[in-house]
Amino acid sequence: MKEQDIFKWPITIYYEDTDVGGVVYHANYLKFFERARTELLRYVGLSQQQLFADNMSFVVSSMNLDFIRGAKLDDQLVVNTTIQNVRRASIEFNQELVNDNNVVFCRAVVKIACIDPTIMKPIALPAQLKLENN
């Protein structure tokens, strides 16, 4: 994957995602972004089950969210995910939940650390997550 590549993952807003006012409950945006990052891993050939078997896991080390507008029941949206900053044991993602007109509903900057879960210490990222230089 290249830094400028945008990984797109579709999201449909279901009843279970909304609050009593019919607007997406704020914590569910985290789920949408998490699912998109997980699918990006699959896209680059990384199986979470295989990573666990190899004593490798990802943890969120920081997250900054901007709630811009409320998504509603039955909205058809897309999470756009780009890789921004790759270090030896961490990676930073920019994510946006948008509609077909590219109107942004929520924006996040998420930093993920790669760890060995048996000792809870940072380890090097898998090669599939390192950015290509061309």
task = Go through Leu46 and Leu129 one step at a time and tell me if the side chain to side chain contact (heavy atoms under 4.5 Å, CB included) criterion holds.
result = CA-CA 9 Å; Leu46 291 172; Leu129 289 176; 3.9 Å; yes
task = Please identify each residue that fulfils side-chain contact (heavy atoms from CB on, under 4.5 Å) with Asp54, with sequence neighbours left out.
result = Gln50
Partners meeting ring pair (Phe, Tyr, Trp, His ring centres under 6.0 Å) with Phe52 (sequence neighbours left out) = none
inquiry  = Starting from Val59, can I reach Ile112 by hopping between I/L/V/M/F/W/Y residues whose side chains sit under 4.5 Å apart?
reply    = no
request  = For Glu92, enumerate each residue passing the salt bridge (Lys or Arg N to Asp or Glu O under 4.0 Å) test, keeping only those at least two apart in sequence or located in another chain.
outcome  = none
key: Qualifying side chain to side chain donor-acceptor pair (under 3.5 Å) pairs, either residue in residues 12-24, two or more places apart   = Thr12-Gln76
query = Does Phe7 reach the side chain of Val44, with side-chain heavy atoms less than 4.5 Å apart?
reply = no
ask   = Hey, is Glu34 close enough to Lys31 for a salt bridge, meaning N to O under 4.0 Å?
value = no
query = Applying side chain to side chain donor-acceptor pair (under 3.5 Å), which residue pairs with at least one partner in residues 102-112 are found, sequence neighbours left out?
reply = Glu96-Arg107
query = Under a 4.5 Å cut-off applied to non-hydrogen side-chain atoms, are Leu30 and Met63 in contact?
reply = yes
request  = Could you tell me which residues satisfy side-chain hydrogen bond (donor to acceptor under 3.5 Å, both in side chains) with Lys8, sequence neighbours excluded, listed by chain and number?
outcome  = Asn80
query = Honestly curious: do Val109 and Val86 fall in one hydrophobic cluster under the side-chain, below-4.5 Å linking rule?
reply = no
inquiry  = I need the full list of side chain to side chain donor-acceptor pair (under 3.5 Å) pairs touching residues 61-70, with sequence neighbours left out, sorted by first then second residue.
reply    = none
task = Just grab all the ring-ring contact (aromatic ring centres under 6.0 Å, His included) pairs involving residues 57-78, residues at least two apart or on different chains.
result = Tyr29-Phe67
message = If we check side chain to side chain contact (heavy atoms under 4.5 Å, CB included) with Gln95, which of these qualifies: Leu65, Leu40, Thr81?
response = Thr81
Inter- and intrachain pairs under salt bridge (charged side-chain N to carboxylate O under 4.0 Å, His left out), touching residues 70-88, at least two apart = none
key: Asp116: side-chain hydrogen bond (donor to acceptor under 3.5 Å, both in side chains) partners, not counting sequence neighbours   = Thr118
message = Do Val104 and Val23 land in one hydrophobic cluster if side-chain heavy atoms of ILVMFWY residues count as linked below 4.5 Å?
response = no
note = In this structure, OG1 of Thr82 is separated from CD1 of Ile6 (nearest 0.5 Å) by 6.5 Å
request  = Find the distance between CD1 (Ile11) and CZ (Phe105) and round it off to the nearest 0.5 Å.
outcome  = 13.0 Å
ask   = Closest approach of Leu125 and Ser90, non-hydrogen atoms and distance?
value = CD1-O, 3.3 Å
ask   = How about Arg37 and Val60: do any of their side-chain heavy atoms sit closer than 4.5 Å?
value = yes
ask   = What pair of heavy atoms forms the shortest contact from Cys114 to Met56, and how long is it?
value = SG-CG, 3.5 Å
ask   = Could you state the interatomic distance from CD1 (Ile115) to CG (Asn55), rounded to the nearest 0.5 Å?
value = 10.5 Å
key: Within residues 82-103 or reaching into it, pairs that qualify as ring-ring contact (aromatic ring centres under 6.0 Å, His included) - sequence neighbours excluded   = none
ask   = Under the side chain to side chain contact (heavy atoms under 4.5 Å, CB included) criterion, do Phe33 and Cys106 qualify, and how do the steps go?
value = CA-CA 10 Å; Phe33 291 145; Cys106 188; 3.8 Å; yes
inquiry  = For Arg42, give me all partners under salt bridge (Lys or Arg N to Asp or Glu O under 4.0 Å), at least two apart in sequence or on another chain.
reply    = Glu39
ask   = Does one hydrophobic cluster hold both Val98 and Leu73, with members joined at side-chain heavy-atom distances below 4.5 Å?
value = no
